[in-house]
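Everything on this sheet refers to the single structure shown next.
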Number of protein chains: 2
Amino acid sequence: MARRAGVSRTTASFVLSGRTDMRISPDAQRRVNAAAAELGYRPNQTARSLRTQVTRTIGMISDTIATTQFAGEVIHGALDTALERGYLLLVAETSGDPIAEKKLVDEMLDRQVDAVVYAMMFTKPGCPPDALSELPVVVLNGIDDFDGPRILPDELGGGRTAARALVDAGHHDDIYAIGGRHRTTDTPDGVYAGRLRMRGVDEVLADAGTAIAGSYECAWEPEHGYEGVASLLDEGHRPKALVCLNDRLALGAYQALEERGLRVPEDVSVVSFDDSDLASWLRPTLTSVALPHYELGKTAVATLLDGTSGRRLITVPMPLRPRDSIRTVSA
Amino acid sequence: MARRAGVSRTTASFVLSGRTDMRISPDAQRRVNAAAAELGYRPNQTARSLRTQVTRTIGMISDTIATTQFAGEVIHGALDTALERGYLLLVAETSGDPIAEKKLVDEMLDRQVDAVVYAMMFTKPGCPPDALSELPVVVLNGIDDFDGPRILPDELGGGRTAARALVDAGHHDDIYAIGGRHRTTDTPDGVYAGRLRMRGVDEVLADAGTAIAGSYECAWEPEHGYEGVASLLDEGHRPKALVCLNDRLALGAYQALEERGLRVPEDVSVVSFDDSDLASWLRPTLTSVALPHYELGKTAVATLLDGTSGRRLITVPMPLRPRDSIRTVSA
DNA sequence: CTGAAAGCGCTAACAC
DNA sequence: GTGTTAGCGCTTTCAG
């Protein structure tokens, strides 16, 4: 122990934890700090935790951390915020398997995590298991009702932002949506993000005295983006602007457009969602409304650490990343 | 304590940890197990760790966990292996900042991690800080010399695999490399992966009695892939097959090819490296030699847990992911 | 203001 | 075979 530095362990403990309950002689303080620095003393967090019931460790459970860069940035944001306050992250994923989830939750509980972020990598239903009910928990990206803080991207605002980017550039007519609400046989009502994004788009277009010229409903994968644009063109539509509901759809759309000899953005402007790596890889680079991964992670941990509990919905803005796929049309 | 289940804590501790030093009455065993199950007893790992000096937690430190899906899959593999053996992962990233790294290493050390995976998301120089010298450490993706196990993708073998895919499909002449060794002004000697991949390619081509027709050296980004292919074509070359040194280059190459009216794979076959998401998004889908992210993570943790130490290099195979971008040419 | 002492929950000597 | 006991390294009451 660094306590062999002139004072008792009590005194040392007090100055190191910066308590002022009992006034400690400035001299003693100096001596303790000096000794601690000199010996490179670092308290054993395990021992401390046993005593204080606080591990300064928070669990991060997600369904998938692999697929998509979503996870990486979320963890990054969460970690930065955690580290700022002296916390560390126990990261794990369930792969959607309840058995794996149980095991993993137990392991975390065994290690006395102070709180957990229960994250889903795509906005969808899902609730933390009962075993976590004793702990502070925030749900990231969950749509299901949950009696605690929930963090979600502001998809509605994102939809508005996308449409506004087009309107501000002077677009008015012949604006088509590719992907739409994601209405497929599997998801006849569309998906959460699709419904909200489209509602935001519709709102702004309505405000501008216009409306979407058509919406191609499909799963949000490149091939459907291709098919969507191709079929639009085949049916004689002549879009001036495309709202692609994600970047992968935009990839497909680019291909279809190029094939027909239509240039982006000269002939048709494109705005998209997610701001994945693709957006900056495509040529021309793609203007996209970003999923605020990093901020979502940050917000989740901050919410946990601020002790804000109780049922509430926290919504994180989706910022526009302007690139080269929108042409300003002079009126 | 569940120990109030008929026997003493010692007995309970013994049966729960499955020790046979002292023969315990089968009856007692049953009673203990029953009680444990009934009460849902789980030992407090914090307390146990304090006593045993084992936390069953391993630290995973990387420079970037965000960019590229690399990180996600690596963590996934590491986590699966860890969890199988009752370990959990403390995940953190340094963002390449030594200050951040120090803080984070200290926090991990405070929490008494049993071992650490020191990972770099791109194969490059880098060594774990001295503070970690007391702990079992494996280095993932580090090129620098290090006195312990190092895990690397088998880039040389990967290069061979890519070339063999072309040769096996009947290609022989007019095979060009795009990206090459990544020789740029910043990296005049190319990069590690580039040198090895190209060496593997050269070897296999030599074995087949031929050689690369040309190599366009550039940074491995889409625009350079585009430029590379465009300039090749402009100079009158007529490639029958392209070895793109990563998928992003292939993206650019596809665009250049399409622009000149050359079809993949009818006119030119393409094989690539990394097997990123892009590979399956492109049309036609891209045959790519995969970076074995998941396996790298798995191997890292397994190596750590198996207690294999000492300086050695562990190389993980890069498997081919055959898709639609190679045409079989009949001789 | 400082020191002695208890105890967090568990494991592992060591007696019974 | 089973129970008693002493810590792991730290915080925190409670007397000096």
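Reminder, nothing fancy here: chain letters follow the sequence lines and each chain counts from 1.
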How many Å lie between [atom1] on [X] and [atom2] on [N], as a whole number?
| X | N | atom1 | atom2 | answer |
| --- | --- | --- | --- | --- |
| B:Gln53 | C:dG9 | CD | P | 19 Å |
| B:Gln112 | C:dC10 | CD | C1' | 16 Å |
| B:Arg111 | D:dG9 | CZ | P | 18 Å |
| A:Phe14 | C:dA4 | CZ | P | 15 Å |
| A:Leu50 | D:dG7 | CG | C1' | 12 Å |
| B:Leu109 | D:dG9 | CG | C1' | 16 Å |

Listed nucleotide nearest any side-chain atom of [X], set [options]:
| X | options | value |
| --- | --- | --- |
| B:Arg51 | C:dG7, D:dC8, D:dT2 | D:dC8 |
| B:Ser13 | C:dG9, C:dT11, C:dA4 | C:dT11 |
| A:Thr52 | D:dT12, D:dC10, C:dC10 | D:dT12 |

Q. Is A:Gln45 touching bases, backbone alone, or none of the nucleic acid, heavy atoms closer than 4.0 Å?
A. nothing
Q) How would you label the contact of A:Arg48 with the nucleic acid (heavy atoms, under 4.0 Å): base, sugar-phosphate, or nothing? A) sugar-phosphate
Q: Side-chain contact test, heavy atoms from C-beta onward, threshold under 4.5 Å: evaluate it for B:Arg56 versus A:Arg111 and give yes or no.
A: yes
Q: Would you indicate whether the side-chain heavy atoms of B:Gln112 and A:Gln45 approach each other to under 4.5 Å?
A: no
**Q.** Under-4.0 Å side-chain N/O to phosphate OP1/OP2 contact, A:Thr11 with C:dG3
**A.** yes
Q.
Strictly below 4.0 Å: does B:Tyr41 bring a side-chain N or O up to OP1 or OP2 of C:dC10?
A. yes
Q) Would the number of heavy atoms belonging to other residues, nucleotides or ligands and lying under 6.0 Å from CG of B:Asp130 be above 12? A) no
Q. Looking at A:Leu132, A:Val113, A:Thr94, which one forms a side chain to side chain contact (heavy atoms under 4.5 Å, CB included) with A:Val105?
A. A:Leu132
